[in-house]
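For the numbers below, each heavy atom of this structure counts, side chains included, while hydrogens, waters and symmetry mates do not. Numbering of ligands and ligand atoms starts at 1, following listing order.
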Amino acid sequence: MIGENYIHFYDIDSTNNYLKNNWRNLPSETVVRASVQNSGYGRKGNHWSSELGGLWYSVLFKPKSRPLNPWHYVRVFSLAIYDTLAKYSINAKIKWPNDLLVNDKKICGIVGESIITGKVPNAIIVGIGINVNNDIPYHLKNYAVNLKSLIDKEVSVEKIMNEINHKAYNSYYLRYLKEKSVSVITKKWLKVLNIKINDEVTLINFNEKKENVFIEKITPDYLEVIDIDGNIKKIYAGEISVRKSGGK
Ligand code: BTN
C-alpha cells in the first residue's frame, strides 16, 4: 500500500533527493514527507518554495513489470489529487502534463524521476508539492493559490496526504496499473486536462522564447502541435512549458 512504509522529517533538503539516495534500502510504495524542504525542486530543476504548512512528499515505486514510464505514475497522482480536491468542492484542472490549477493558479506541482542503472528503470520517484496551509510568497500570488484560502480553513496536511494516497492506490494504481489498463487512466486524464485538440497554446522554451501553435494531438507522452507555417512538432513534457494562449 502507498505509505505503508512512512518516513517523516521536520526538515530536509528535498524528499525526492532522500529517495534518490536511499531507494535501494526501501520498499516500493514508501512515502517520505517533510514539513519543510530547504532545497525543494520541481520540473526542469526549478526551485520549489517549501515552507511550513504545505504538503511536500515523495513516493517510491520499484516496478517489477510494465508500465515503466514515470509519467504513468505521475498521472495516478494528478488524478488522485484532482479527485481529493473535488471532495473539498474544488474544481481543479490538470495543466498539461500534470500540475493542478484552480482558477488558473497553481495549487499543486508534481515531478517524476526515474533511476536507471541498466536498461529499464529500477525505481520511479514521484514528488508532490501542494499548497495547503503555507502562505504563498508575495511574488507568486498571481500564479499560486493554497487550499486554506479556497476553503476558508486549515486542514491537516497528513489527512490530505492520506486521502490522496488512498485514492491513488485504490482507484488508479491497483485497478489500472497492476491490471495494465493504462489507457483508462489516460482517458480520464484527457477529460480533465486544461487543453484540448485545436486549442491555441504558447510554447515557452528554456530561453523564455515564445511561440504560438495549435494542438493537433494529445498522446500519453507528448503533444503534437502545428506552427503557423504548418510545421508539425512533438512536444515532450519537461522540455518546454505550454500555456494556454492569453492564460497562465
Ligand atoms: C513542479 O511543479 O515543477 C513540481 C514540483 C514538485 C515539488 C515536490 S515537493 C516534494 C518533492 N520534493 C522535491 O524536491 N520536489 C517535490
Are Ser171 and His166 linked by a side-chain donor-acceptor pair shorter than 3.5 Å? no

Distance filter under 4.0 Å to Asn16 heavy atoms, resulting ligand 1 atoms: 11 (C), 12 (N), 16 (C)

Lys106 heavy atoms, cut-off 4.0 Å: which ligand 1 atoms fall inside? 1 (C), 2 (O)

Out of Tyr18, Trp56, Tyr41, who gets a non-hydrogen atom closest to atom 16 (C) of ligand 1? Tyr41

Any atoms of ligand 1 less than 4.0 Å from a non-hydrogen atom of Thr15? List them with their elements. 10 (C), 11 (C), 12 (N)

For Gly40, atoms of ligand 1 separated by under 4.0 Å from a heavy atom: 14 (O)

Can you tell me if Ser50 has a non-hydrogen atom under 4.0 Å from ligand 1? no

Would you list the pairs meeting side-chain hydrogen bond (donor to acceptor under 3.5 Å, both in side chains) in which at least one residue belongs to residues 45-54, sequence neighbours left out? Gln37-Ser50

Under-4.0 Å heavy-atom contact with ligand 1, by part of Ile128 that carries it: backbone

Report yes or no: does a heavy atom of Lys44 sit under 4.0 Å from some atom of ligand 1? no

Would Asn5 and Thr30 count as having a side-chain donor-acceptor pair, cut-off 3.5 Å? yes

Using a 6.0 Å cut-off, check whether atom NZ of Lys196 has over 12 heavy atoms from anything other than its own residue. yes

One finds that the ligand 1 atoms under 4.0 Å from a non-hydrogen atom of Ser14 are 12 (N), 13 (C), 14 (O)

On the 0 to 90° scale, with breaks at 30° and 60°, tag the Tyr57-Phe77 ring pair as parallel, tilted or perpendicular. perpendicular

Just by distance, with hydrogens left out, do Asn131 and Asn134 show a side-chain donor and acceptor under 3.5 Å apart? yes

Establish, from distance only, whether the side-chain atoms of Tyr82 and Lys188 form a donor-acceptor pair under 3.5 Å. no

Please report the closest heavy-atom contact between Pro220 and Trp189, naming both atoms and the distance. CA-CZ3, 4.2 Å

Closest non-hydrogen protein atom to atom 3 (O) of ligand 1, residue and atom name please, with distance? Arg43 N, 2.7 Å

So, 4.0 Å and heavy atoms of Asn46: is ligand 1 close enough to count as a contact? no

What atoms in ligand 1 come closer than 4.0 Å to a heavy atom of Gly42? 1 (C), 3 (O), 4 (C), 5 (C)

For atom 5 (C) of ligand 1, what is the closest protein heavy atom, and at what distance to 0.1 Å? Trp48 CE3, 3.4 Å

Regarding Glu154 and Lys148, does a basic nitrogen lie under 4.0 Å from an acidic carboxylate oxygen? yes

With respect to atom 12 (N) of ligand 1, which of Gln37, Lys20, Glu113 exhibits the smallest heavy-atom separation? Gln37

